[in-house]
There are 2 protein chains.
Amino acid sequence: MRISTTAHYASRLLANLATYDSDKPVPAAVLSDNTGISVKFIEKIIRPLKTAGFVRSVRGASGGHMLCIRPEQVTLGQVLRVMEGGVQPPQCCPDQSCGEHDCAARSAWNSVAQALEQTLESITLADLMRDNLDRYPCQ
Amino acid sequence: MRISTTAHYASRLLANLATYDSDKPVPAAVLSDNTGISVKFIEKIIRPLKTAGFVRSVRGASGGHMLCIRPEQVTLGQVLRVMEGGVQPPQCCPDQSCGEHDCAARSAWNSVAQALEQTLESITLADLMRDNLDRYPCQ
DNA sequence: TTTAATTCCGATTAAAATGATCTGGATTGT
DNA sequence: ACAATCCAGATCATTTTAATCGGAATTAAA
């Protein structure tokens with residue numbers, strides 16, 4: 001079972017963006033240099049983050065992206081919901097036949113999902129920024 | 001982000017198997033009837049469970065599968081490790097460049113993985129068996 | 001001893017999710 | 001006007017996941 005990578009990308013991006021002034025647009029090219037993620041891919045993953053209101057962008061020459069929330073206020077859970085609609089527990093039965101019942105298997109896996117969400121809710125962007133970005137470029 | 005479905009299948013299978021005498025082989029066809037999972041697919045997902053020592057099988061006519069551990073002794077975490085090698089946190093950097101550093105982003109995601117594993121460790125097969133199987137066939 | 005029931009195993013296929021790029025349009029400071 | 005930049009949708013490529021297939025090996029029972 002893998003922990004989401006797109007949410008991971010998004011959080012790295014946001015954390016990197018957070019190291020800049022929030023009123024001076026940072027071009028995607030710069031974020032790309034910092035993170036190693038291609039400009040095109042950054043453009044893609046930044047879309048939902050804009051829709052969610054985490055990022056604001058200005059177009060045209062000397063445009064770019066700005067974080068418009070404080071890092072301590074964004075949790076990994078929020079990022080994950082924005083990027084992939086949160087944590088999806090498995091369908092219990094192949095044919096959905098258990099949806100109506102009080103099925104122990106289903107509720108067990110639901111509680112796993114819930115616990116995971118809770119953990120994700122306890123970590124903010126600020127937690128991802130503790131290191132020096134020059135020395136530890138992977139944020 | 002999706003919660004593992006193969007581990008879910010495996011746990012359903014084991015929980016169903018646990019409702020039978022552990023010294024009388026249950027054919028895959030019966031498990032298939034109970035769970036709605038095809039015989040062939042059951043054969044496949046039961047392989048690693050045998051290797052792990054959770055299940056024992058006898059071949060030939062009137063053969064089948066038997067659970068050879070007690071349901072309270074098998075956690076979802078164990079099942080998941082057997083089926084897919086546990087919880088994999090995301091690679092921090094695309095080029096692995098952060099593997100050596102003390103990277104906050106990496107350790108944050110590692111702690112998510114760890115918390116998830118801990119939750120999985122707290123749920124056993126027995127927890128998946130609380131309901132009546134006739135009324136709630138999806139286990 | 002034949003037959004039918006069954007597990008076993010590797011290969012293969014099918015479907016879905018993920019990761020990433022492409023192409024071109026729209027906007028805007030210089 | 002021009003160059004820098006974001007924007008949006010389509011497309012491609014890769015990997016993962018889900019599931020099936022075909023046939024060999026085993027064994028109880030007829």
Side-chain angles (χ1 to χ4, degrees), chain A residues 1-10 12-13 17 20 24-33 35-52 54-68 80 83-88 90-95, chain B residues 1-10 12-13 17 20 24-33 35-51 54-68 80 83-88 90-96:
Chain A
M1 171 161 176
R2 292 184 318 162
I3 297 271
S4 171
T5 62
T6 50
H8 178 240
Y9 275 8
R12 282 213 291 144
L13 210 56
L17 196 53
Y20 292 90
K24 212 180 70 180
V26 184
V30 172
L31 298 172
S32 174
D33 277 350
T35 60
I37 306 174
S38 82
V39 170
K40 282 300 179 186
F41 200 41
I42 286 179
E43 285 183 349
K44 183 172 189 178
I45 63 192
I46 220 168
R47 281 181 226 185
L49 298 172
K50 287 165 48 66
T51 312
F54 296 158
V55 172
R56 187 162 49 97
S57 309
V58 292
R59 306 171 73 165
S62 80
H65 306 282
M66 294 160 292
L67 192 67
C68 51
L80 193 111
M83 297 305 289
E84 0 174 350
V87 180
Q88 309 289 346
Q91 297 185 346
C92 197
C93 298
D95 54 1
Chain B
M1 173 160 176
R2 293 182 317 161
I3 295 272
S4 170
T5 61
T6 50
H8 178 241
Y9 274 9
R12 283 214 291 142
L13 210 57
L17 195 52
Y20 291 89
K24 213 181 69 178
V26 185
V30 172
L31 298 172
S32 174
D33 278 350
T35 60
I37 306 172
S38 79
V39 170
K40 282 299 185 185
F41 199 42
I42 286 179
E43 285 182 351
K44 182 171 190 180
I45 63 193
I46 220 168
R47 282 180 224 184
L49 298 172
K50 287 165 47 67
T51 311
F54 296 157
V55 172
R56 188 161 48 98
S57 308
V58 292
R59 306 173 71 168
S62 79
H65 307 282
M66 294 160 291
L67 192 67
C68 51
L80 193 110
M83 297 304 290
E84 358 174 352
V87 180
Q88 310 287 346
Q91 297 186 345
C92 196
C93 299
D95 55 1
Q96 239 97 328

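Every chain is numbered from 1 and lettered A, B, ... according to where its sequence line falls, protein lines coming before strand lines. Remember, it's a predicted structure, so these values are computed and weren't measured experimentally.
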To the nearest Å, how far apart are I42(A) CD1 and dA8(D) P?
17 Å
Heavy-atom side-chain proximity of I37(B) to R12(B) below 4.5 angstrom:
yes
Could you pull out the protein-nucleic contacts involving nucleotides 11-13 of chain C (nitrogen or oxygen on both sides, under 3.5 Å)?
none

What contact category does A28(B) fall into here, base, sugar-phosphate, or nothing, at under 4.0 angstrom with non-hydrogen atoms?
sugar-phosphate
Across nucleotides 24-30 of chain D, 5' to 3', mark each nucleotide with B, S or - according to how protein heavy atoms within less than 4.0 Å reach it.
-BBBB--
Donor-acceptor pair under 3.5 Å, K40(B) side chain vs dG23(D) base
yes
Minimum side-chain heavy-atom gap V39(B)-L31(B) below 4.5 Å
no
Whole-Å distance, I45(B) CD1 to dT16(D) P, equals 20 Å
Going by heavy atoms in the side chains, are M83(B) and I45(B) under 4.5 Å from each other?
yes
Partners meeting salt bridge (Lys or Arg N to Asp or Glu O under 4.0 Å) with K40(A) (sequence neighbours left out):
E43(A)
Whole-Å distance, Q88(B) CD to dT17(D) C1', equals 15 Å
Report the distance from atom CD1 of I46(B) to atom C1' of dT6(C), rounded to the nearest whole Å.
13 Å
Residues two or more places apart in sequence or in another chain: which of them pass side-chain contact (heavy atoms from CB on, under 4.5 Å) with R47(A)?
none
Whole angstroms only, please: what is the CZ-P distance between F41(B) and dA14(C)?
16 Å
Rounded distance in Å - CZ (R56(A)) to C1' (dT5(D))
16 Å
Do any side-chain nitrogens or oxygens of S57(B) fall under 4.0 Å of OP1 or OP2 in dT6(C)?
no
Expressed in angstrom and rounded to an integer, what is the separation of I37(B) atom CD1 from dA19(D) atom C1'?
12 Å
Check side-chain contact (heavy atoms from CB on, under 4.5 Å) between S4(A) and all other residues, then give those that pass, not counting sequence neighbours.
T6(A), A7(A), L80(A), E84(A), M1(B)
Contact check, side chains of V55(B) and L13(B), non-hydrogen atoms, under 4.5 Å
no
Residues in side-chain contact (heavy atoms from CB on, under 4.5 Å) with P27(A), at least two apart?
V30(A)
Would you indicate, yes or no, if dA19(D) has its OP1 or OP2 atom less than 4.0 angstrom from a side-chain nitrogen or oxygen of Y9(B)?
yes
Roughly how many Å is it from CD in E43(A) to C1' in dG9(D), rounded to a whole number?
12 Å
Side-chain heavy atoms of I46(A) within contact of H65(A), under 4.5 Å:
yes
